[in-house]
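Order of listing sets the numbers, starting from 1, for every ligand and every atom in it. Fair warning: this is a prediction, and the values are worked out from it, not measured in the lab.
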Amino acid sequence: MRSRNGGFIGLISLLAVFAMAPVRAQTSDQIQAALDAAYAKYKDIKEGKNADYIPALARVDPKIFGIALVTTDGKIHTAGDVKSEVSIQSISKVFTMAKVMEQQGPDAIVQRIGVDATGMRFNSIVAVEFAEKALGGPEINPLVNPGAITATSMVQGGSRDEVWQSILDFHSAFAGRPLRVDQEVFDSEAASNQRNQAIGALMYAYGFIKDNPGQAVDIYTEQCAIAVNAKDLGTMAATLANAGKNPVTGKQVMKVQNVPEVLAVMATAGLYDDSGKWLYRTGLPAKSGVGGGIIAVSPGKFGIAVVSPPLDEAGNSVRAQKAITDISNTLHGNPYAPVSAKAK
Ligand code: GLU
């Protein structure tokens, strides 16, 4: 029997279906306008400060500000300085984690490292102690230093050179061009990374790293010094948005089935202690680095990256967070948002 207000309910359901319908792809003009608006709005802000615990990072020009959005059909949109390079730093943790999944499957990450946020700083030693003593095992994640150094130690290869080359090649395939290391940053961090050496030794002592922790820290430090510009990072993010296929080169660079796990760890732990706030505002899996880059992924739609060295207290680029949030919300990038709710 049809209820008296059945017609009204039918109308409401129809409206709800329209509200949830996928948005039509944004036009190139709309995308470019969103990038240009964010660039103009945040170009002159003065908040934040370059990282200086790695001496070479303090010397990078704080005015560098570049935005690149790459759609899953391979269109590249840019604003500002997308040529200047910064060191990739922690953003490399995403790709080394993905490399381990390629070689050993996603379970290797959960079983050896863990996939839970630590609630502590990215280079916390207490987090290792806590995981080992209180939680009794792999309860860290590959996006904080103890987990990242362990992930690097898990990359397979017959020699240091072989391991390093496979990590560098993997990053390059995501960027769609051969990447290189910023030797000044590598030397600077290698001379001042005693804390990471301690973390590597502790991870070895507890059996997370199986052997040669010194080599793992050294390769990890080198991967953090890979030089990238905003366009490289945008393409790397777009490859994750495009199920592991680089939309610019057309090459499948990682297994489709591992992409969800990579994005899940980015969503829970990508922006240090502000990962929750970030997800709350954008819904996007993302990763920041102390070099000033942030990548963010709108699955099936686009990858976006911003490079701008000054960081906030949590260690995330100030301009990058603001610009990506504005652009993604304007373009309906949030995978959790019904289309009507985020239209601004
Ligand atoms: N190489 C840096 C470190 O280990 C990376 C930190 C980061 O970008 O979060 O301290």
Gln32 (side chain) donor-acceptor with Ala34 (main chain) under 3.5 angstrom: no
Nearest non-hydrogen protein atom, atom 7 (C) of ligand 1: Ser90 OG, 2.6 Å
Contact (N/O only, under 3.5 Å) between Gly291 and ligand 1: no
Atom 10 (O) of ligand 1 [closest protein heavy-atom partner, distance rounded to 0.1 Å]: Tyr53 OH, 2.5 Å
Donor-acceptor contact present, side-chain Arg281 to main-chain Thr325, <3.5 Å: no
Atoms in ligand 1 with a heavy atom of Gly289 nearer than 4.0 Å: 8 (O)
Atom 9 (O) of ligand 1 [closest protein heavy-atom partner, distance rounded to 0.1 Å]: Tyr272 OH, 2.3 Å
Cation-pi, Phe174 ring and Lys251 (6.0 angstrom, 45 degrees): no
Shortest protein contact, atom 2 (C) of ligand 1 (heavy atom only): Gln89 OE1, 3.1 Å
Part of Cys224 with heavy atoms under 4.0 Å of ligand 1, whether side chain, backbone, both or neither: side chain
Non-hydrogen atom of Asn145 closer than 4.0 Å to ligand 1: yes
Asn193 and ligand 1 - part of the residue with a heavy-atom distance under 4.0 Å: neither
Pairing of Lys46 and Asp44 as salt bridge, 4.0 angstrom limit: no
